[in-house]
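Chain letters run A, B, ... following the sequence lines, proteins first, then strands; residues in each count from 1.
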Amino acid sequence: MSGDHGHHDSQIDSGSWVNDSHKHKDKHKDKERKHKDHKKDKEREKSKCSNSEYKNLSEKKHKDKVKHKDGSLERHKDKHRDKEKRREDKSKSSSVDGKLKKEKENGFARWELSDPVTVEPPRIKSELDDDDFYPSPKHEKSLKREHDNDDYEFKPKKIKIENEKKAKKRRQEEDEEEDIKPKKKTRDRKGAGEGDGKKKAKKDPEEKWKWWEEERYTDGSKWRFLEHKGPVFAPPYDRLPSNVKLYYDGKPIKLGAQAEEVATFFAKMLDHEYTTKDIFRKNFFKDWRKEMTSEEKSKISDLNKCDFTDMSEYFKTQSEAKKQMTKEEKLKIKGENERILQEYGFCVMDNHKERIGNFRIEPPGLFRGRGDHPKMGMLKRRVRPEDIIINCSKDSTHPKAPPGTRWKEVRHDNKVTWLVSWTENIQGSIKYIMLNPSSRIKVSSTAPLHAPPGTRWKEVRHDNKVTWLVSWTENIQGSIKYIMLNPSSRIKGEKDWQKYETARRLKKCVDRLRGQYRDDWKSKEMRIRQRAVALYFIDKLALRAGNEKEEGETADTVGCCSLRVEHIRLYHEIDGQEFVVEFDFLGKDSIRYYNKIPVEKRVFKNLQLFLENKQPEDDLFDRLNTSILNKHLQELMDGLTAKVFRTYNASITLQQQLKELTCPDDNIPAKILSYNRANRAVAILCNHQRAPPKTFEKSMQNLQTKIDAKKDQLFEARRELKSAKADAKVRRDEKAKKAVEMKKKAVERAEEQLMKLEVQATDREENKQIALGTSKLNYLDPRISVAWCKKWNVAIEKIYNKTQREKFAWAIDMADDDFEF
DNA sequence: AGACGAACTTAGGATGCGACTG
DNA sequence: CAGTCGCATCCTAAGTTCGTCT
């Protein structure tokens, strides 16, 4: 049986693929099974140190990275739709009524304004009735997509005490779900003295907020309070100096501001091979002409006669000059950036200041799609305030300073409770406006949010069912772009955690599902067979779902459900293997997927059937699409979709590979190499490739030089040790003994350093065309890595850099060394 | 049931920047 | 102290999924 499974070793180990009798879709039953199911994983402790397993993985699946082959099929270019028109004016969506209030505030008292000072009141939420606001339990029940446990309920602090019992129950269940693991020590450890870790105020402002110890919203809302400063716009266009010109047919032309700006976009890309491509040039020229005055238009009719080199040179000089700037100048720019970050880079969401992910609006420029993109070269328009939709809570509107005046300062300090302060002139003491102690509401920071002078937003809405702060519609594809929070934020973290919990639930029923789709290979119905074979590919090869795409609008790429006949080849026998399928197609980002794998006979026969009477450009799975597939998966397990398989298989493979590759006796660098190899196995599975770094060869050489030098040094050190020993034999005094010790240490040090370098070289070589980052960031349950680090005493910093540690703070805090995915 | 739109995750490449080196 | 190198961060395109509308 195991021979059938190509490179995907993890699956062999994590359970049989053979049918088991569980066919029912009842999730309650599922729960009962929970305990038994994954104990078996435990016993596979081995001290086997060979890397053969890893090698298997990487060798069997060799791929090339080739972006977009040419000659894509014309049939994909007929439909053209006017999307933009339809999208226009859809934005009048209902705003969620915002009798908003705060809760979950880690113990801050809820206050109300103490006296109605005549100063324009800052946004303080008025009295509200909680009953309206918090969803009733029934309501909550009906919501899906919560974290994995069924009756998770959010309750505001205030009524929390009454619900303590429920919460306890919930927690118990959570732990049960995680079964084999002992109670979460981490939580207890940290929570000690904090009484559930929830009620106490954050006395120490440095202490990081542990959102994962709090309860989640279950009413579908994403936040109660949201305030931010809006986006940072791209700097306005700066005209070229008058001596820098475009040359047309050898003659200089001074362009108007609009056409000039677009011309500079092209000039800046002149060195890029993009600008030599026909489609790029055609698209660019068409859009450029739209920006020209009629006079310019009549003069400039052939892009080939345009000479941008003068402009291009100018920009090169500019960037050179920028590099040559003095330290002070650079420091000044850095300071300014920091100021902007502090002002716009954070928002307040539910009483916590959180980092925003991308607070800058994308600047205008020429669109560069990936692969053979039909729209490459088109002008990406400048985004104006009138294009922007702001999302925030109703009660977050800013206090504007009276006309013609401004506040001394607007501060965003959510560590203090005052709203307004000033220094009085008698004692020079600071006066405050604060909240009324009886208030149940606490107000967070104030932030003026207005469109730049003379402009206005397209819309301001208050929708707490979504997580974005700012959105606009982009003009190339007509799609919506968003400003959202940073991965370290609660809102992203919770979702991430939930994703892995869903994958862990899949782990528990994956055997049943595999059994089912194997059965379905025999189905009388074509659509069922197709579904089952597609699912098999998604599971075994970690393919993406593969939605249909609008033809001619984007590069021609496919995923599982959208595979075409031309993307696979069948071999009855090849390279001594039977029933081999060869995949060759462009996937997401036009990254080539190439793989040759043996499949089971039944799959092979099915594929032959699917191919009958079809043209190369026909769909392989003509009775299937992602919607059908996902609907089916949803019936098999709550929350299951095609992409959960990728997450599951990635994470289980990491766990598996770590077990196999980690040698207890290895030193730290060798352990890290093992980790990277396990990570690499996943990256190979998920087909995460990268272009070999331009400096790869050189950097390998440098490393080799270092290794050689270290070898010499070691040789020398050994020689010295020898002579010191000899010397000690003769002299037999303390000093000589000490010298021997010293030399011994030196040898050891050199040995270790050499080893480290060699390991580094191996690692880098193996990593030439493989990108580890994507899987690490998006597919591998961080708790697996954290547990591994704890188990083998490897510092977490060796595995995750600062940003990653921020993103995975939840996992680092909660996972113990015995965590099992 | 299929088209469409919105929201959110996943992705590789470009750019920035700090540490190291010569 | 300039130049190099490698990693971190930024950027934004390209996916998936889900809900709504027809």
| request: Check side chain to side chain donor-acceptor pair (under 3.5 Å) between Glu329(A) and all other residues, then give those that pass, not counting sequence neighbours. | output: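 Per chain and number, Glu329(A) pairs via side chain to side chain donor-acceptor pair (under 3.5 Å) with Thr326(A).
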side-chain N/O [X] vs [N] OP1/OP2, d < 4.0 Å:
| X | N | answer |
| --- | --- | --- |
| Asn358(A) | dC11(C) | no |
| His688(A) | dT10(B) | no |
| Lys495(A) | dC8(B) | no |
| Ser479(A) | dA13(C) | no |
| Tyr482(A) | dT9(B) | no |
| Arg646(A) | dT10(B) | no |
| Lys549(A) | dG15(C) | yes |
| Thr641(A) | dT16(C) | no |
| Lys802(A) | dA8(C) | no |
| Arg544(A) | dA11(B) | yes |
| Thr557(A) | dG15(C) | yes |
| Asn547(A) | dT16(C) | yes |

| Would you say the side chain of Lys588(A) and the base of dT10(B) hold a donor-acceptor pair, judged only by whether the two atoms sit under 3.5 Å apart? | yes
Check the distance between [N]'s [atom2] and [X]'s [atom1] and give it to me in whole angstrom.
| X | N | atom1 | atom2 | answer |
| --- | --- | --- | --- | --- |
| Glu797(A) | dC7(C) | CD | C1' | 16 Å |
| Gln769(A) | dG13(B) | CD | P | 11 Å |
| Lys776(A) | dT10(B) | NZ | C1' | 17 Å |
| Glu362(A) | dC11(C) | CD | C1' | 8 Å |
| Glu553(A) | dA14(C) | CD | P | 12 Å |
| Leu633(A) | dT17(C) | CG | P | 9 Å |
| Tyr779(A) | dG15(C) | OH | P | 12 Å |
| Lys499(A) | dT9(B) | NZ | P | 8 Å |

Which is true for [X] with a 4.0 Å heavy-atom rule: it touches a base, it touches only sugar-phosphate, or it touches nothing?
| X | answer |
| --- | --- |
| Ala555(A) | nothing |
| Ser699(A) | sugar-phosphate |
| Phe367(A) | sugar-phosphate |
| Lys706(A) | nothing |
| Gly773(A) | nothing |
| Pro363(A) | sugar-phosphate |
| Gly559(A) | nothing |

Could you list all N or O pairs between the protein and nucleotides 15-18 of chain B that sit under 3.5 Å apart?
from: dG18(B); atom 1: OP1; to: Lys334(A); atom 2: NZ; distance (Å): 3.3

Go through [options] for me and flag the one nearest to the [X] side chain.
| X | options | answer |
| --- | --- | --- |
| Arg690(A) | dG13(B), dA13(C), dA8(C) | dG13(B) |
| Lys698(A) | dG13(B), dC10(C), dC5(C) | dC5(C) |
| Asp589(A) | dT9(B), dA8(C), dG12(B) | dG12(B) |
| Thr695(A) | dG6(C), dA8(C), dT17(C) | dG6(C) |
| Trp468(A) | dA14(C), dC8(B), dC5(C) | dC8(B) |

Return yes if a side-chain donor-acceptor contact under 3.5 Å exists between [X] and [Y], otherwise no.
| X | Y | answer |
| --- | --- | --- |
| Glu494(A) | Gln498(A) | no |
| Tyr500(A) | Ser651(A) | no |
| Arg355(A) | Ser488(A) | no |

| Is any side-chain heavy atom of Phe280(A) closer than 4.5 Å to a side-chain heavy atom of Leu366(A)? | yes
| task | Name the residue closer to the 5' end of DNA chain C, choosing between Lys380(A) and Gly357(A) according to the nucleotide with the nearest heavy atom. | result | Gly357(A)
| query | Parallel under 30°, tilted from 30 to 60°, perpendicular over 60°: which one fits the rings of Phe537(A) and Phe583(A)? | reply | perpendicular
| Given Met376(A), Met378(A), His373(A), the one that forms side-chain contact (heavy atoms from CB on, under 4.5 Å) with Ile279(A) |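 That would be Met376(A).
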| request: Starting from the 5' end of DNA chain B, give me the residue, Ser471(A) or Asp496(A), whose nearest nucleotide shows up first. | output: Ser471(A)
| remark: Per nearest nucleotide of DNA chain B, the residue lying toward the 5' end, Lys631(A) or Thr467(A), is Lys631(A)
| Would Arg224(A) and Asp219(A) pass as an ion pair if we require N to O under 4.0 Å? | yes
| query | Is the shortest side-chain N to carboxylate O distance from Arg490(A) to Glu354(A) below 4.0 Å? | reply | no
| request: Run the numbers on Lys549(A) and Glu553(A) for salt bridge (charged side-chain N to carboxylate O under 4.0 Å, His left out), then give the verdict. | output: CA-CA 8 Å; Lys549(A) 305 171 62 181; Glu553(A) 298 289 301; over 6 Å; no
